[in-house]
Amino acid sequence: MTAKVVTITSGKGGVGKTTSVANIAVALASRGQRVVCIDGDIGLRNLDVVLGLENRIVYDLVDVIEGRCRLRQAMIRDKRLPELYLIPAAQTRDKTAVSPSDMIRLCDELRPDVDWILIDSPAGIERGFRNAIAPADRVLVITNPDVSAVRDADRVIGILDAEEKGPVSLIINRVNSDMVRRGEMLSVEDVLDLLAVHLIGIVPEDENVIVASNRGQPLSLDGKSRAGVAFQNIARRLMGEEVPFSELETPGLWQRLLGRRR
Amino acid sequence: MNVKRALTIKGIRDGLLVTCHKGSWNEMVEALNAQIEDQPAFFKGARLALDIGPCEVRVADLSALRDSLSERGIHLWAVLSTSPVTEATAQNLGLATRLSRPQPLVSAGEAKSIPAEAAKWVRGPLRSGTRVEHDGPVVVLGDVNPGAEIIAHGSVIVWGRLRGVVHAGAAGDETAVVCALDLSPTQLRIAGEIAVSPPRRAKIQPEIARLVDGRLVAEPWQSG
């Protein structure tokens with residue numbers, strides 16, 4: 001068995017990278033997949049908080065890389081899902097503590113034992129971002145339907161293209177269909193029109209996401225909320241299932257997409 | 001010792017120009033590092049332009065070099081190359097791809113005579129952060145997204161949506177034009193004149209922008 005390394009990145013901060021990593025990881029793990037999440041945001045870690053594992057950190061990513069512990073010791077196992085692990089970031093160091101080749105080595109060591117390695121990239125396009133994409137087999141770029149987030153996503157996709165880190169897939173997060181209907185928000189189509197990449201998920205705006213993150217209980221654990229379902233759909237699509245984009249996403253969108261794909 | 005002769009270092013108006021004559025990217029970096037270790041004082045605080053000829057470089061490699069140079073107080077600001085891949089890489093990292101003056105005749109061996117009017121042909125989409133510069137006309141097949149820039153001494157033709165910043169006739173040619181299937185640039189400049197797009201019109205149609213009596217005018221494209 002060899003794992004797929006999936007990096008989630010965005011360029012802009014605050015669009016939902018960490019939340020998505022947590023939710024997709026939970027959704028994959030609840031389908032019986034073995035999943036390791038790596039928090040690549042060294043110095044500003046918070047994937048542990050969103051997953052509710054903060055109080056169990058002993059060793060972190062930098063400890064593994066600098067040889068202070070074995071890889072297994074830094075992997076925190078989630079109690080709710082037996083096959084979900086987190087390798088937390090160091091909080092007291094910065095991005096230069098890790099190099100892209102460290103990340104590649106680390107992932108290669110993990111690959112034989114798991115199905116998925118999800119890497120949470122920091123915002124920006126500097127060292128931390130390069131660390132996060134270096135080992136990636138697949139990159140998910142996440143954006144919100146607003147002009148500045150889309151602009152940054154465009155830049156990141158350009159860099160990923162130049163580095164041949166394909167195939168890139170897009171998640172559009174926090175879509176508010178009422179605002180779209182009133183013409184106050186970019187629609188999914190507007191975003192795709194500009195970015196011209198493969199779409200893997202549309203996540204509706206949902207207040208439950210904030211509540212769930214604060215509690216450390218990712219939404220896709222129970223999967224009744226709209227956002228939770230959307231994240232589960234992303235996980236299913238990652239696993240190769242053909243999941244139609246549902247009504248709550250955007251009616252009839254899928255057909256139109258198929259029609260216009262280049 | 002042999003390695004070092006692979007490099008030529010020359011003082012130019014904007015700092016130092018290092019020309020690599022041959023070898024792979026790794027050999028060039030090695031040679032450059034050896035040279036810097038030899039004369040750290042000479043390089044300290046320098047503005048460096050690197051000419052790597054036809055060598056193809058990826059973003060990761062180039063940004064690694066830029067970072068390692070900056071740790072030693074050397075500012076890499078330009079990468080010159082005949083490879084379009086390398087040029088795109090440098091542009092992605094926000095590095096210049098030509099010196100402000102005409103490029104010195106460093107590669108006399110492979111004399112390339114591009115006629116002044118030869119167009120640069122670019123495949124889109126040009127994403128945010130991409131910068132295309134050319135001393136002739138530029139043709140883009142695909143979209144030009146917001147955040148991308150085209151600076152051309154000649155005209156600019158975009159077979160797609162033009163939503164970035166475009167400057168035609170950048171060296172002062174007032175006869176240069178800009179045309180696109182959907183002409184809605186963030187900013188449009190021809191020679192010394194600047195304009196922004198009016199708010200979106202109802203109908204999207206191919207348009208052409210030109211200078212008429214010193215004013216920028218955009219009108220629907222009419223054949224014949």
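Residue numbering restarts at 1 for every chain, and letters A, B, ... go by the order of the sequence lines. Note that this is a predicted model, so its numbers are computed, not measured.
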To the closest 0.5 Å, what do you measure between [atom1] ([X]) and [atom2] ([Y])?
X	Y	atom1	atom2	result
Glu163(A)	Thr89(B)	CD	OG1	8.5 Å
Leu194(A)	Arg161(B)	CG	CZ	7.5 Å
Arg151(A)	Arg127(B)	CZ	CZ	13.5 Å

Is [X] in contact with chain B via its backbone, its side chain, both, or neither, using a 4.5 Å heavy-atom distance?
X	value
Asp152(A)	neither
Glu164(A)	side chain
Arg130(A)	side chain

For [X], is the [atom1] atom crowded, meaning more than 12 foreign heavy atoms sit under 6.0 Å from it?
X	atom1	value
Arg58(B)	CZ	no
Trp25(B)	CH2	yes
Arg123(B)	CZ	no
Tyr59(A)	OH	no
Arg155(A)	CZ	yes

Checklist entry - So which of Gly147(B), Ala148(B), Pro146(B) has the biggest tally of heavy-atom pairs under 4.5 Å with chain A? => result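 If we count pairs closer than 4.5 Å to chain A, Pro146(B) comes out on top.
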Next on the checklist: Heavy-atom cut-off 4.5 Å, strictly under: side chain, backbone, both or neither for Asp61(B) against chain A?
Outcome noted: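 Contact with chain A is absent: no heavy atom of Asp61(B) under 4.5 Å.
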Next on the checklist: If I measure from the heavy atoms of chain A, does Ala88(B) come under 4.5 Å with its side chain, its backbone, both, or neither?
Outcome noted: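 Neither; nothing under 4.5 Å.
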Checklist entry - If only atom types and distance count, is the side chain of Asn145(B) paired as donor or acceptor with the main-chain N or O of Asp154(A) below 3.5 Å? => result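 Side chain of Asn145(B) to backbone of Asp154(A), a donor-acceptor pair under 3.5 Å: no, none is there.
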Item to check | Between Val150(A), Ile133(A), Asp161(A), Leu195(A), the one whose heavy-atom pairs under 4.5 Å with chain B are most numerous | outcome: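 Ranked by heavy-atom pairs under 4.5 Å with chain B, first place is Leu195(A).
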